[in-house]
Amino acid sequence: MSKDLKKIKPATYLLPKEGGMRVPGLVIASEKLLEIDDLEEPLKQVRNVAYLPGILGYSVAMPDIHWGYGFPIGGVAATDAEEGVISPGGVGYDINCGVRLALIDIPFDSITAKNRKALLESIYKNVPSGVGKGHSKAKTLTNSDYEQLVKEGAKWSIDLGYGFSRDLEYMESYGVIAGGDAHYISTSAKDRGKDQLGSIGSGNHFVEIGKVDAIFLKDVAKEWDVFEGQTYVLIHSGSRGLGHQVCQDTLDEFVRKGYSENLPDKQLVSAPIKSDDGKAYFKAMAAAANFAFNNRQRILHEVRQSFNETLGIPFEEVRLLYDVCHNIAKFETHLIDGVEKKVCVHRKGATRSLGPKSKELNSLFQKTGQPVLVPGDMARASFLLVGLGNPLTFCSCCHGAGREMSRFKSSKFWKGKDPIRYMESQGVQVKASSIRTIVEEMPNAYKDGSLVVQAVEDANLAKQVARLKPFLVVKG
DNA sequence: ATGTGC
């Protein structure tokens with residue numbers, strides 16, 4: 001454990017100000033996690049982020065923190081919406097990478113082995129996966145498509161028949177980030193994305209089917225119609241090549257214009273929010289975020305298609321519970337030192353976790369708090385939590401289990417072994433276009449997700465509602 | 001994360 005961390009509350013540690021830090025760091029973790037993790041590099045990044053002009057409150061780290069480009073992954077930074085900066089590194093390369101959870105009201109155990117196999121094959125066929133993979137069936141996006149979809153978000157796909165208007169009520173920000181403008185993204189970004197709606201990509205992205213295997217918070221589960229044994233679908237993907245290109249284009253331009261000067265790390269490159277360059281990045285980021293909402297909407301549509309084809313389940317019975325962003329910058333109002341302030345919250349590998357009564361939420365979630373979706377690993381578990389709206393972290397929570405082994409180390413570990421057979425021994429059938437992705441993503445490459453969600457629960461960021469056990473997984 | 005990187 002880092003000698004600099006001072007415990008101030010349960011599972012909450014202060015990283016005191018030093019050097020040019022404008023605010024202290026705040027690290028959410030348990031003692032056990034602090035033993036497992038080597039936090040030297042990521043904590044340095046937490047300190048670096050605290051140097052940013054206009055940062056308020058704390059430079060926050062979640063218990064799944066690890067090293068990232070400039071900002072740590074699992075980091076939250078809120079900057080003053082008037083006097084602060086906005087930073088592409090605080091959002092990440094995969095703009096609006098996120099997760100959506102849908103529920104099907106049939107017991108997973110009632111699906112026969114033969115039908116499970118058919119379902120997996122069908123999803124693998126209907127949802128393209130892998131690096132650079134697009135959607136061969138889908139219509140290539142035109143400039144006028146782009147103009148609409150980056151402004152409208154998920155509604156654009158729904159109006160074309162890929163889903164139901166009800167779906168929009170069950171998405172963070174109703175499936176749209178205001179301000180998306182196609183004129184602010186490059187031709188190459190549009191070109192890379194033109195056939196990628198409805199594709200998962202590679203790395204830790206996936207489509208997973210399984211069953212709700214434990215309920216921890218009965219009253220909330222009941223409000224959400226979540227029950228033990230229920231079948232679920234969890235989708236994890238983002239803005240694919242388009243978002244990647246938007247991030248790269250902005251970083252190049254910001255560095256060229258000198259915005260990386262006077263920062264402890266050039267990768268923190270950032271422009272004043274009120275400057276033309278800052279506003280241009282926000283519009284491009286919102287455009288990419290809205291592309292990602294459309295992507296997850298199309299993936300859900302294909303999954304509904306597969307449930308219909310193989311099990312005869314009507315499309316609307318694959319019911320969306322929620323869609324969350326975990327790589328995004330958003331303008332929000334938060335209580336800082338007792339005063340309400342408009343801030344730009346950068347969440348990079350962190351999930352919004354608004355509590356009950358939050359005006360932004362639909363009436364159901366105003367009653368309970370918002371669903372917080374935390375994928376774990378391919379075999380053990382993913383988690384469904386409910387937000388508590390803790391102002392210390394700007395109403396943010398963790399986004400995953402976090403790696404324990406590097407991709408390289410994991411590949412080496414599984415060399416000469418049979419990872420597919422191991423997964424089967426854990427009850428999981430995996431299908432991927434690349435065996436490399438599988439060996440890099442094996443469960444033992446990740447921390448135990450239950451330790452991470454326990455830490456955010458102890459720190460009062462969110463509460464566990466249910467545990468989800470995967471059985472069928474499509475990877476890139 | 002990524003029409004993956006040296």
From [atom1] of [X] over to [atom2] of [N], roughly how many Å is that when rounded to an integer?
X	N	atom1	atom2	value
A/Arg407	B/dC6	CZ	P	13 Å
A/Arg436	B/dT2	CZ	P	14 Å
A/Phe291	B/dT2	CZ	C1'	13 Å
A/Tyr69	B/dT2	OH	P	17 Å
A/Gln196	B/dT2	CD	C1'	9 Å

Inset, instruction - Let me know, please, whether A/Gly130 or A/His205 comes out on the 5' side of the other along DNA chain B by nearest nucleotide. - result: A/His205

Inset, instruction - Looking at every strand, decide which applies to A/Gly92 at a 4.0 Å heavy-atom threshold: base, sugar-phosphate, or nothing. - result: nothing

Legend entry - Interface residues of residues 236-251 of chain A with DNA chain B (non-hydrogen, below 4.0 angstrom): A/Arg240, A/Gly241, A/His244

Inset, instruction - For A/Phe331, enumerate each residue passing the ring pair (Phe, Tyr, Trp, His ring centres under 6.0 Å) test, keeping only those at least two apart in sequence or located in another chain. - result: A/Phe282

Legend entry - A/Arg296 side-chain N/O to A/Ser237 backbone N/O, donor-acceptor pair under 3.5 Å: yes

Inset, instruction - Over 60° means perpendicular and under 30° means parallel, so classify the ring planes of A/Phe291 and A/Tyr146, tilted if in between. - result: parallel

Legend entry - A/Lys417 charged N/C atom sitting above A/Phe413 aromatic ring, 6.0 Å / 45°: yes

Legend entry - side-chain hydrogen bond (donor to acceptor under 3.5 Å, both in side chains), paired with A/Tyr93, selected from A/Gln248, A/His244, A/Lys348, A/Gln245: A/Gln248

Inset, instruction - Identify whether the distance between the nearest side-chain nitrogen and carboxylate oxygen of A/Lys139 and A/Asp145 falls below 4.0 Å. - result: yes

